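Note that the structure is a prediction, hence the values are computed from the model and not measured. Throughout, protein chains are lettered first and strands after them, A, B, ... in sequence-line order, and every chain is numbered starting at 1.
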Number of protein chains: 4
Amino acid sequence: MSRGNTRQRIQDVALELFSERGYEKTSLREIAEHLGVTKAALYYHFKTKEDIVISLFEDLSRPCDELIAWAREQQPGLETRLEVLRRYSEVLHDAHRLHRFMQENQATMRELSIGESFKERLVELLDIVRLPGADLSDQVRCSAALFTMHAGMFTLQGIEGSQEDKRRAVLEVAQDLLTTAHGRNGERTDAAAAGEPG
Amino acid sequence: MSRGNTRQRIQDVALELFSERGYEKTSLREIAEHLGVTKAALYYHFKTKEDIVISLFEDLSRPCDELIAWAREQQPGLETRLEVLRRYSEVLHDAHRLHRFMQENQATMRELSIGESFKERLVELLDIVRLPGADLSDQVRCSAALFTMHAGMFTLQGIEGSQEDKRRAVLEVAQDLLTTAHGRNGERTDAAAAGEPG
Amino acid sequence: MSRGNTRQRIQDVALELFSERGYEKTSLREIAEHLGVTKAALYYHFKTKEDIVISLFEDLSRPCDELIAWAREQQPGLETRLEVLRRYSEVLHDAHRLHRFMQENQATMRELSIGESFKERLVELLDIVRLPGADLSDQVRCSAALFTMHAGMFTLQGIEGSQEDKRRAVLEVAQDLLTTAHGRNGERTDAAAAGEPG
Amino acid sequence: MSRGNTRQRIQDVALELFSERGYEKTSLREIAEHLGVTKAALYYHFKTKEDIVISLFEDLSRPCDELIAWAREQQPGLETRLEVLRRYSEVLHDAHRLHRFMQENQATMRELSIGESFKERLVELLDIVRLPGADLSDQVRCSAALFTMHAGMFTLQGIEGSQEDKRRAVLEVAQDLLTTAHGRNGERTDAAAAGEPG
DNA sequence: CATGAATGAGCATTCATTCAT
DNA sequence: TATGAATGAATGCTCATTCAT
């Protein structure tokens, strides 16, 4: 029956269950039963339960890292930031199940090794998107741009519209928030951030 | 030693630990040890572990219910909605620990009876704040207004400013989002929501 | 049925099984079953499996420490050493089950925290009993005096004679070994050990 | 890479680990990893884990059997016994790793089939060396002669001197013990042991 | 108001072993 | 000769919960 794809199947089922019922409440027994194998089989493919989660996050980590690297190479400015949001929107969308898992298991994430490493990525993104010298409210706008996208997909559950339409709407609002913040602080702060003299 | 306030102390410690390390990862043994009592003592005051959580949520539920009831009595309109946001901001702030717990244990909340009942309240708030007929992007703005406040306090951790200043900045952004959405859709949709003919 | 003595009963059964079938081969399930309680009950009384062993060793550690302390206060010399052997013989005899456990689970002992701490005691006893400057063969005699007693009780299994008679016979041989070693090296080495000038 | 010597390498690593960390605590996975092969490879060469141990003991069993056979052919008497000790000293020394394993895993040995069969050999050696009708204390001397050699190598760890010097010192003491026992009981008991009438 | 003692169910993990390839 | 994939049974341990005192 299964042929070489068991590892993949474990990841699929694990992600399904982790995001559905939470990491702690999902036991390896459950995962194994869903797959029709023994718990021990899981251990042939992954060294620990946490390892399964880590392997899942590789899908999300790589594109994030690439996005951060790309952003670091660009001129800081509104253009770049808007593009970062656009790309991040896609990254989140591609890994929406995992993203939901993250979103709903924050307390757990904090204890997982991968949690820390992922939080760092988030902080970097925030750093890229934020306007350091700006008003508190504009800083909130920048953060909100990011977190609106995080919360976005689950926020609109009761509303009609295709998944893709929703994504675009969320992105629009996020970009709007950023643009607003920029409109009031942009030039000043970017110059400061770039370390340039007046 | 302490007299009669044990129930209160249990709630304090439980909330502390639940919000710090997550609901599932916090065992009754830990709570008991922090308090210097036996696990059995907890069972004198609460019937189950879940009961402790439920009792914690009463602090947050009552003000929410009152807020919802109050909003239902008002004329729908921007004024009312802005005031709802303002009041909700305070409610969240007063219960910020619990709120953090909610925020970080969403997966767990879904399995807890209180989770459902709290989600309903949220849906009601969303319903009050939202503009049903509006563009998707404006609906996102309305949701984002609410969720920005949810994420707000933890979003701004790395930034200087007093807790109260941050709260106000977050509120300002949330109200802004709502106002923007209104500006474009307001009159039409409110009439519709009120079920009134043109 | 059991009343307050469960902890004691656990220790008894554990020692029985540990010394009979070895530490690793004895599972907590077995111990629990022998007692007619659940595994979890064991954990009420002891924090870990290793903790059970540690508690068992307290019976042996205290008299050993006392013996060492006493010996350190005496004048080094044959008299003292013979008396150390005599007392040690009794200590071992009183804890013969535990002693057998130690004897037969040396590999395990090495991994147990208590193992190290017990080995140190042994080294101290050896140090007390040994003649540092003597011939190799006399040093062997001193060590053998101690280890003969260790091996003694199990060495004589096939032989008729009461337990007490055997103990005394073993002690006699051990003391003999020590006396022989002394006869040839005694005065010289004791002076040296005591750090006295000629 | 290696050709045909895998079986040998398994034995080497197994003995290394068994004697270092104990039989039960050493898993086949560990052995396999140390060798850079799969667990399954071990099963190509040995039917069970116990089989590995058995194969190891063949190195020790053959010389022991030969020693016993030789001794049975000799005239019982001090001469023979001293020679038995001398030869046994060499046998133990040649297989000192295995011997250490035996020494430190007695509890385990008792459960292994090879354990019983090895114990029988020991009993035979004891029988050869012992003086049946003698005082208890002299019987202890005979046993102690054997067991001093068993414990010997590990007894002298803290002491300076070459491995070979120590072996000879231990042998000397063992032979001394036997000679002492003989001196007092020799003639009588040997005649009895040989089943001869006065 | 609280404890001491215990339970039953469950968990993550490990192990020796098997077998088709 | 060996491996890749899996199993079944067990292990040490933790948890929420109960109840007589």
Side-chain angles (χ1 to χ4, degrees), chain A residues 1-7 10 24-32 35-52, chain B residues 1-7 10 24-32 35-52, chain C residues 1-7 10 24-32 35-52, chain D residues 1-7 10 24-32 35-52:
Chain A
M1 198 181 278
S2 54
R3 243 303 261 324
N5 59 337
T6 303
R7 196 189 142 94
I10 293 172
E24 337 264 352
K25 297 271 278 187
T26 304
S27 74
L28 295 187
R29 180 179 51 71
E30 276 175 299
I31 296 177
L35 285 167
V37 297
T38 12
K39 270 187 293 172
L42 306 186
Y43 278 91
Y44 177 75
H45 294 281
F46 297 94
K47 254 175 46 184
T48 64
K49 187 184 182 186
E50 189 172 345
D51 252 43
I52 300 180
Chain B
M1 204 180 277
S2 51
R3 254 288 279 318
N5 61 339
T6 301
R7 195 188 142 93
I10 293 173
E24 335 266 353
K25 298 269 281 186
T26 304
S27 73
L28 295 186
R29 178 175 53 71
E30 276 175 297
I31 296 176
L35 284 166
V37 298
T38 10
K39 269 185 294 173
L42 305 185
Y43 279 89
Y44 179 81
H45 294 283
F46 297 94
K47 250 177 41 187
T48 66
K49 189 185 182 186
E50 191 171 343
D51 254 41
I52 300 180
Chain C
M1 198 183 276
S2 56
R3 243 302 262 324
N5 59 337
T6 302
R7 196 189 141 94
I10 293 172
E24 336 266 353
K25 297 271 279 184
T26 304
S27 73
L28 295 186
R29 179 179 51 72
E30 276 175 299
I31 296 177
L35 285 166
V37 298
T38 12
K39 271 185 293 172
L42 305 186
Y43 279 92
Y44 178 75
H45 294 281
F46 298 93
K47 251 174 45 181
T48 64
K49 188 184 182 186
E50 190 171 345
D51 252 43
I52 300 181
Chain D
M1 205 179 277
S2 50
R3 251 292 275 319
N5 60 340
T6 302
R7 195 187 142 95
I10 293 173
E24 336 265 351
K25 297 269 279 186
T26 303
S27 71
L28 295 186
R29 178 175 55 69
E30 276 175 298
I31 297 176
L35 284 166
V37 298
T38 8
K39 270 186 292 173
L42 306 185
Y43 279 90
Y44 179 79
H45 294 282
F46 298 94
K47 251 177 41 188
T48 65
K49 188 185 183 186
E50 191 171 344
D51 254 40
I52 300 180

How far apart are the closest heavy atoms of D/His45 and D/Arg7, and which atoms are they? O-NH1, 3.6 Å

Taken to the nearest whole Å, CG/A/Leu42 to C1'/F/dT7 is 12 Å

B/Ile52 side, atom CD1; B/Ile10 side, atom CD1 - distance, nearest 0.5 Å: 6.5 Å

Does a side-chain N or O of D/Thr6 approach OP1 or OP2 of F/dA2 to a distance below 4.0 Å, or not? yes

Figure out the CZ/P separation between A/Phe46 and F/dA6, and round it to whole Å. 12 Å

Looking at CG of B/Leu35 and OG1 of B/Thr6, how far apart are the two atoms once the value is rounded to the nearest 0.5 Å? 8.0 Å

Side chain of B/Val37 only, heavy atoms from C-beta on: which candidate in E/dT3, E/dA6, F/dT7 is closest? E/dT3

Applying salt bridge (charged side-chain N to carboxylate O under 4.0 Å, His left out), name anything that partners D/Glu30, two or more places apart in sequence or on another chain. D/Arg21

Verify the contact: side-chain N or O of B/His45 to OP1 or OP2 of E/dA2, cut-off strictly under 4.0 Å; return yes or no. yes

Could you measure the distance from the CD1 atom of D/Ile31 to the OG1 atom of D/Thr26? Nearest 0.5 Å is fine. 6.5 Å

How long is the line joining CG of D/Leu35 and C1' of F/dT1, in whole Å? 14 Å

Output the single nucleotide from E/dA2, E/dG4, F/dA2 whose closest atom is nearest the side chain of C/Tyr44. E/dG4

Partner set under side-chain contact (heavy atoms from CB on, under 4.5 Å) for C/Arg29, not counting sequence neighbours: C/Ser27, C/Glu33, C/Lys39

Name the stems that DNA chain E belongs to, where each is three or more consecutive Watson-Crick or G-U pairs with both distances under 3.5 Å? E:2-21 with F:2-21

How does protein contact run along nucleotides 13-18 of chain F, one letter per nucleotide 5' to 3', with B for base contact, S for sugar-phosphate only, - for none, heavy atoms under 4.0 Å? BBBBBB

Quick one: salt bridge (charged side-chain N to carboxylate O under 4.0 Å, His left out) partners of C/Lys49, sequence neighbours excluded? none

note: C/Ile31, atom CD1; F/dA10, atom P; distance rounded to Å ~ 17 Å

Heavy-atom closest pair (D/Ala32 atom, D/Thr38 atom, distance to 0.1 Å) is CB-C, 3.8 Å

I'd like to check the side-chain contact (heavy atoms from CB on, under 4.5 Å) partners of D/Thr48; sequence neighbours left out, ordered by chain and number. D/Glu50, D/Asp51

